[in-house]
Amino acid sequence: MKAVRVHEYHSDPKIDDIPEPKLAGPLDVIVKIGGAGVCRTDLHILEGQWADAMNPELPYVIGHENAGWVHEVGEGVTNVAVGDTVILHPQPSCGLCLACRAGRDMQCENAFFPGLSNNDGGMAEYLRTTARACVKLNPDTNPADVAALADAGITAYHAVRKAVPDLYPGTTAVVQGAGGLGHIGIQALAALTATRIIVVDRNPEALALAKQIGADETVLADGNHVDAVKDLTGGNGANVVFDFVAEQGAENDAWQMTAPAGYQYVIGYGGQFTAPTLDFVAGEKNVIGNIVGTYNDLAELMVLAQAGKVTLHTKQYPLDAALEAIHDLDAGRVRGRAILVP
């Protein structure tokens with residue numbers, strides 16, 4: 001099969017011909033990929049940012065936002081069958097450790113992460129995962145339309161879901177960054193809360209899309225955006241700020257836009273957040289990290305998606321055009337999410 005593999009860091013991946021994956025255990029599932037999202041994390045992988053954290057052996061197949069059709073199942077699999085349409089939680093979990101039993105799949109002690117580790121990802125024709133990662137979809141769902149919800153979607157949804165108790169009517173939420181994750185976060189906020197939604201982005205096209213999908217106000221990130229948000233919030237800042245950028249100074253802008261006793265959710269990464277400890281004490285602000293969501297988050301998000309309340313805006317590329325998709329994402333030419341279709 002054809003697959004997109006990292007051979008060395010700080011260079012483009014290559015499209016190789018490699019053997020199809022095989023079942024390795026009774027709960028394994030082989031999925032024929034119908035769509036694989038191209039994520040900013042993939043750019044960070046190519047830059048070597050995940051090398052020390054995950055320590056994968058090169059070369060390996062990237063791609064952690066995947067959906068498709070069940071191609072083969074292990075003898076112990078009962079929740080899906082060959083031919084089922086599925087979207088895959090990006091981190092298959094064991095179900096037995098304390099984190100799993102508490103519903104925190106993403107902190108499973110025995111998980112593996114296809115596309116970020118020694119387990120090949122989904123920028124290929126087939127992928128090996130496990131039964132616990134499979135969320136069964138309506139059979140008429142096109143996997144390419146939903147694939148990026150498997151990571152970008154549940155990461156954004158997970159942050160919004162945690163913040164729901166603090167976003168009652170009369171509150172304000174800021175979404176910083178209306179790209180692949182942010183545009184899903186906007187829709188999740190509109191679907192789950194009655195908060196006023198302000199979206200900040202440096203791209204006018206992204207702001208135009210934000211208006212279409214639920215933003216009440218938009219602010220161009222032109223250097224004056226922190227003051228603009230303060231003006232829109234009576235000088236206080238927002239009750240909750242969702243920072244989907246968190247690099248190049250945006251992480252500190254988010255802090256400035258957060259109201260006293262408010263919440264700053266850090267979802268993007270790459271920068272370094274700093275703030276005087278006195279500001280923490282005097283302002284009683286809360287800074288909360290946010291990793292990929294749980295299996296239940298993904299199942300809930302798919303209910304919203306299949307009801308038309310969350311729509312993934314995509315640009316599709318054939319698998320052979322993976323390098324073009326990666327370069328377009330890096331250059332900011334993709335509105336929403338780039339999807340590879342084998």
Sub-4.5 Å side-chain heavy-atom contact between Phe280 and Val287: yes
Leu167 CG to Leu192 CG distance, which is reported to the nearest 0.5 Å: 10.0 Å
salt_bridge(Lys2, Asp16) N-O dist < 4.0 Å: no
Lys230 atom NZ, neighbour heavy-atom count above 12 within 6.0 Å: yes
Min side-chain heavy-atom separation Pro90-Ile154 under 4.5 Å: yes
Validation row, ring centre Tyr9 to ring centre Trp50 under 6.0 Å: no
Within-4.5 Å side-chain heavy-atom neighbours: His158 and Val292: no
Under 3.5 Å donor-acceptor, Asp201 side chain and Asn203 backbone: yes
Crowding at NZ, Lys14 (>12 non-hydrogen neighbours, <6.0 Å): no
Under 3.5 Å donor-acceptor, Asn252 side chain and Thr274 backbone: yes
Over 12 non-hydrogen atoms of neighbours within 6.0 angstrom of CG in Asp52: no
Evaluation steps, side-chain contact (heavy atoms from CB on, under 4.5 Å), between Val86 and Val29: CA-CA 11 Å; Val86 292; Val29 176; over 6 Å; no
Leu96 and Asn110: CA distance, side-chain angles, deciding distance, side-chain contact (heavy atoms from CB on, under 4.5 Å) verdict: CA-CA 9 Å; Leu96 298 175; Asn110 305 297; 5.8 Å; no
Donor-acceptor contact present, side-chain Gln91 to main-chain Met106, <3.5 Å: yes
Verdict with supporting geometry, Lys136 and Asn79, side-chain contact (heavy atoms from CB on, under 4.5 Å): CA-CA 8 Å; Lys136 192 174 176 179; Asn79 60 321; over 6 Å; no
Pairwise side-chain contact, Pro114 with Leu127, heavy-atom cut-off 4.5 Å (strictly under): yes
Under 3.5 Å side-chain donor-acceptor pair for Asn296 and Thr294: no
Side-chain (Asn286) to main-chain (Gly262) donor-acceptor, under 3.5 angstrom: yes
Minimum heavy-atom distance Ala190-Gly214, with the two atoms named: CB-CA, 4.5 Å
ILVMFWY cluster, Phe242 and Val226 together (side-chain gap under 4.5 Å): no
Test item: Val31 and Asn66 side chains (from C-beta on) under 4.5 Å apart, heavy atoms: no
Short N-O contact, Arg196 and Asp216, less than 4.0 angstrom: no
Row check, Phe244 ring normal vs Arg40 NZ/CZ: under 6.0 Å, within 45°: no
Min side-chain heavy-atom separation Ile30-Leu23 under 4.5 Å: yes
Short side-chain to backbone donor-acceptor contact, Asn236 and Ala259, under 3.5 Å: no
Point-to-point distance, once rounded to the nearest 0.5 Å, from OG1 of Thr155 to CD1 of Ile267: 8.5 Å
Distance, nearest 0.5 Å, that separates CD1 of Ile33 from CG of Leu340: 10.5 Å
Donor + acceptor pair across side chains of Thr41, Tyr269 (<3.5 Å): yes
Leu189 with Val266, same ILVMFWY side-chain cluster at under 4.5 Å: no
Rounded distance [0.5 Å steps], CE in Met54 versus CD in Gln49: 14.0 Å
Residue pair Thr172 / Ala238: nearest heavy atoms and the distance that separates them: O-CB, 3.6 Å
ILVMFWY network linking Ile186 to Val160, side-chain heavy atoms under 4.5 angstrom: yes
Residues Cys39, Arg337; criterion side-chain contact (heavy atoms from CB on, under 4.5 Å); working and verdict: CA-CA 8 Å; Cys39 177; Arg337 211 64 169 172; 3.0 Å; yes
Heavy-atom neighbours of Lys162 NZ exceed 12 at 6.0 Å: yes
Shared hydrophobic cluster, Leu323 / Ile339 (ILVMFWY, side-chain heavy atoms < 4.5 Å): no
Donor-acceptor contact below 3.5 Å, side chain Asp28 vs main chain Ala24: yes
Check: Val341 main-chain N/O paired with Gln316 side-chain donor or acceptor under 3.5 Å: no
Side-chain donor/acceptor of Lys285 to backbone N/O of Trp255, under 3.5 Å: yes
Connected via hydrophobic side-chain network under 4.5 Å: Val70 and Tyr126: no
Reported CG-to-CE distance for the pair Asp243 and Met257, which is rounded to 0.5 angstrom: 7.0 Å
Beyond-backbone contact of Val240 with Thr171, side-chain heavy atoms, under 4.5 angstrom: no
Exercise: identify the closest heavy-atom pair between Thr129 and Pro92: OG1-CG, 3.5 Å
Heavy-atom check, side chain of Thr311 versus side chain of Ile213, under 4.5 Å: no
His183 and His313 aromatic ring geometry - parallel, tilted or perpendicular at 30°/60° bounds: perpendicular
Residue pair Ala147 / Gly37: nearest heavy atoms and the distance that separates them: CB-N, 4.3 Å
Taking every non-hydrogen atom, the tightest pair across Asn290 and Ala159: OD1-CA, 3.3 Å
Polar contact flag, side-chain donor to acceptor under 3.5 angstrom, His89-Asp105: no
Donor-acceptor contact present, side-chain Glu251 to main-chain Glu247, <3.5 Å: yes
Under 3.5 Å donor-acceptor, Glu75 side chain and Pro26 backbone: no
Heavy atoms from other residues, nucleotides or ligands near CZ of Arg161 exceed 12 (cutoff 6.0 Å): no
Distance, nearest 0.5 Å, that separates CG of Asp42 from CG of Leu116: 7.5 Å
Nearest atoms (heavy-atom pairs only) where Ala210 meets Ala178: CB-CB, 4.5 Å
Residue pair Tyr157 / Glu300, side-chain donor-acceptor N/O under 3.5 Å: yes
